[in-house]
There are 2 protein chains.
Amino acid sequence: MIDASSPRTRRHQRTQQAILDAAREIISREGVAALSMRAIAERIDYSPAGLYEYYGGKDEIIAAVCDDAFDQLTQALRSTDPTLPPADYLRECGVNYVRFALENTDAFLLMFTNAPLAAPHPMPVEAMLRQSPAFMVLYDAVQRCVEAGIFTPRPDYDVLAMAVTCWQMVHGMAMLAVTIMRNQPPNLGAYRRSLEVLQAGIAAQ
Amino acid sequence: MIDASSPRTRRHQRTQQAILDAAREIISREGVAALSMRAIAERIDYSPAGLYEYYGGKDEIIAAVCDDAFDQLTQALRSTDPTLPPADYLRECGVNYVRFALENTDAFLLMFTNAPLAAPHPMPVEAMLRQSPAFMVLYDAVQRCVEAGIFTPRPDYDVLAMAVTCWQMVHGMAMLAVTIMRNQPPNLGAYRRSLEVLQAGIAAQ
DNA sequence: AATAAAATCCGAACATCATTCGGAAAAAGA
DNA sequence: TCTTTTTCCGAATGATGTTCGGATTTTATT
């Protein structure tokens, strides 16, 4: 039995990491279409067949790249300055969501066109949302606004619904930014303005 | 020189249409991953090589499918009841945007992950937006709200910016609906509620 | 009607891809 | 030192997009 911290296990994990690093680099430099088992293997001096010792196949590598990217998205949201006033904090969380997408355009597109297809069994919406760390950052930001008296939950429009509205908006901005608007210079000021408009609408409920 | 309306030309166009119909059917029944030149050819009793007489390649067929889908999206938006009061009309345009995505999940995903990569040369944002018929329906709906006194354009938040905000929101809803939320029952009421919140925010500017 | 040109369509081939398999070599364990 | 396990790969399989040479059909010209 191999010790989880044995040299062999650590080498194995380093190779797994090298595979993911190579995959990310190919995606960001050449786009998702250029990602292949052969391209990854070539980049780390392996044969394509050798990669199957570490991952079950190309889909598994893509899934792992997406998992890491979701973690990084969560970190990007959590990096928002917590000392900001609640409304500013929520808005800047949103801006960080879009900024992450702008800085990782192909990975972001991959995250939201690949991973969902891997969704196993359906579950209640709320349970599914609460399992998403990135969403929970937005939810907590909305909760701060409620606690500050800026937002007032209603029977037909609770905190969860408010958070979903915010997610819909920032996700729309991000998806448009990495697709239709991909050749346009990013305008964070315009994003900020739209978020202020939305937050004004939530506040007016 | 072949007459544009000659039998030969009409047969050629019918075959082009049959190829697109086959592609659409494969996409909606089996997903984008199942789309291949061999699958299309098999469905219309052609050989894969024969398809190259009508389209330059698989990418061109996908582009044509997306063009048609954008036309259908525009039609779905234009089908909104024009006799509705301006605010209701704008909201229902948004709901129709999401409904279209829900009814054409794989095609919608393809539209917004394939076509953008084909964007040639950069142009001013406003010019690019005005070239999109679907966006112009949203723009006109916002304009109606302005003319009805419901929205008031500001120097830093004009009609175009308002329309972009609305597009960001409905696009976010649609993209989440066809990816992360794809296994959830659609909730048009919740979409409608979010749109009301946003429109309240625009009205409050 | 006959002939030539253009269009249509396809089998086969090529290059690339994901994945599997049998096996050689290296590492680890007894 | 020997055995077992792990690592890694060449070659193969099946699938894909695309091209090419050529057969057949359709259209135009004489």
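Small disclaimer: the values here were computed from a predicted structure and weren't measured. Every chain is numbered from 1 and lettered A, B, ... according to where its sequence line falls, protein lines coming before strand lines.
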From [atom1] of [X] over to [atom2] of [N], roughly how many Å is that when rounded to an integer?
| X | N | atom1 | atom2 | result |
| --- | --- | --- | --- | --- |
| E53(B) | dA6(C) | CD | P | 14 Å |
| Y46(B) | dT18(D) | OH | C1' | 18 Å |
| R8(A) | dT6(D) | CZ | P | 6 Å |
| Q16(A) | dT7(D) | CD | C1' | 13 Å |
| E30(B) | dT16(D) | CD | P | 11 Å |
| I61(B) | dT18(D) | CD1 | C1' | 12 Å |
| R14(A) | dT6(D) | CZ | P | 18 Å |

> If you take all heavy atoms of P153(B) and V159(B), which pair is closest and at what distance?
Replying inline: CG-CG2, 3.9 Å
> Any idea which of dC9(D), dT26(D), dA28(C) is nearest the R11(A) side chain?
Replying inline: dA28(C)
> Under 30°, 30 to 60°, or over 60°: which ring-plane class applies to H171(B) and F108(B), parallel, tilted or perpendicular?
Replying inline: tilted
> Please, which pairs that meet side chain to side chain donor-acceptor pair (under 3.5 Å) have at least one residue in residues 57-67 of chain A, sequence neighbours excluded?
Replying inline: none
> Any ring pair (Phe, Tyr, Trp, His ring centres under 6.0 Å) pairs touching residues 13-43 of chain B, not counting sequence neighbours?
Replying inline: none
> Got a sec, which pairs hit ring pair (Phe, Tyr, Trp, His ring centres under 6.0 Å) with one end in residues 7-43 of chain B, sequence neighbours left out?
Replying inline: H12(B)-Y54(B)
> Got a sec, which residues hit salt bridge (charged side-chain N to carboxylate O under 4.0 Å, His left out) with E30(B), two or more places apart in sequence or on another chain?
Replying inline: R43(B)
> Of all residues at least two apart in sequence or in a different chain, which pass the salt bridge (charged side-chain N to carboxylate O under 4.0 Å, His left out) check with R154(B)?
Replying inline: none
>> I need a per-nucleotide contact map over nucleotides 12-19 of chain C, read 5' to 3'. Cutoff is protein heavy atoms under 4.0 Å; write B for the base, S for backbone only, - otherwise.
In response: -B---BBB
Output side-chain donor-acceptor pairs under 3.5 Å for residues 78-87 of chain B, partner residues at least two apart or in another chain, one line each.
residue, atom, partner, partner atom, Å
S79(B), OG, A76(B), O, 2.7
T80(B), OG1, L77(B), O, 2.6
T80(B), OG1, N96(B), ND2, 2.8
D81(B), OD1, T83(B), N, 3.0
D81(B), OD1, T83(B), OG1, 2.7
D81(B), OD2, T83(B), OG1, 3.0

> Would you say dT7(D) has OP1 or OP2 under 4.0 Å from some side-chain N or O of H12(A)?
Replying inline: yes
> Mapping A34(B) and D45(A) to their closest nucleotides on DNA chain D, which lands nearer the 5' end?
Replying inline: D45(A)
Return a table of donor-acceptor pairs under 3.5 angstrom between the side chains of residues 125-142 of chain B and protein atoms on other chains or two or more places apart.
residue, atom, partner, partner atom, Å
E126(B), OE2, R130(B), NE, 3.0
E126(B), OE2, R130(B), NH2, 3.0
R130(B), NH2, Y139(B), OH, 3.4
S132(B), OG, F135(B), N, 3.2

> Going by number, which of residues 17-28 of chain A have a non-hydrogen atom under 4.0 Å from DNA chain D?
Replying inline: none
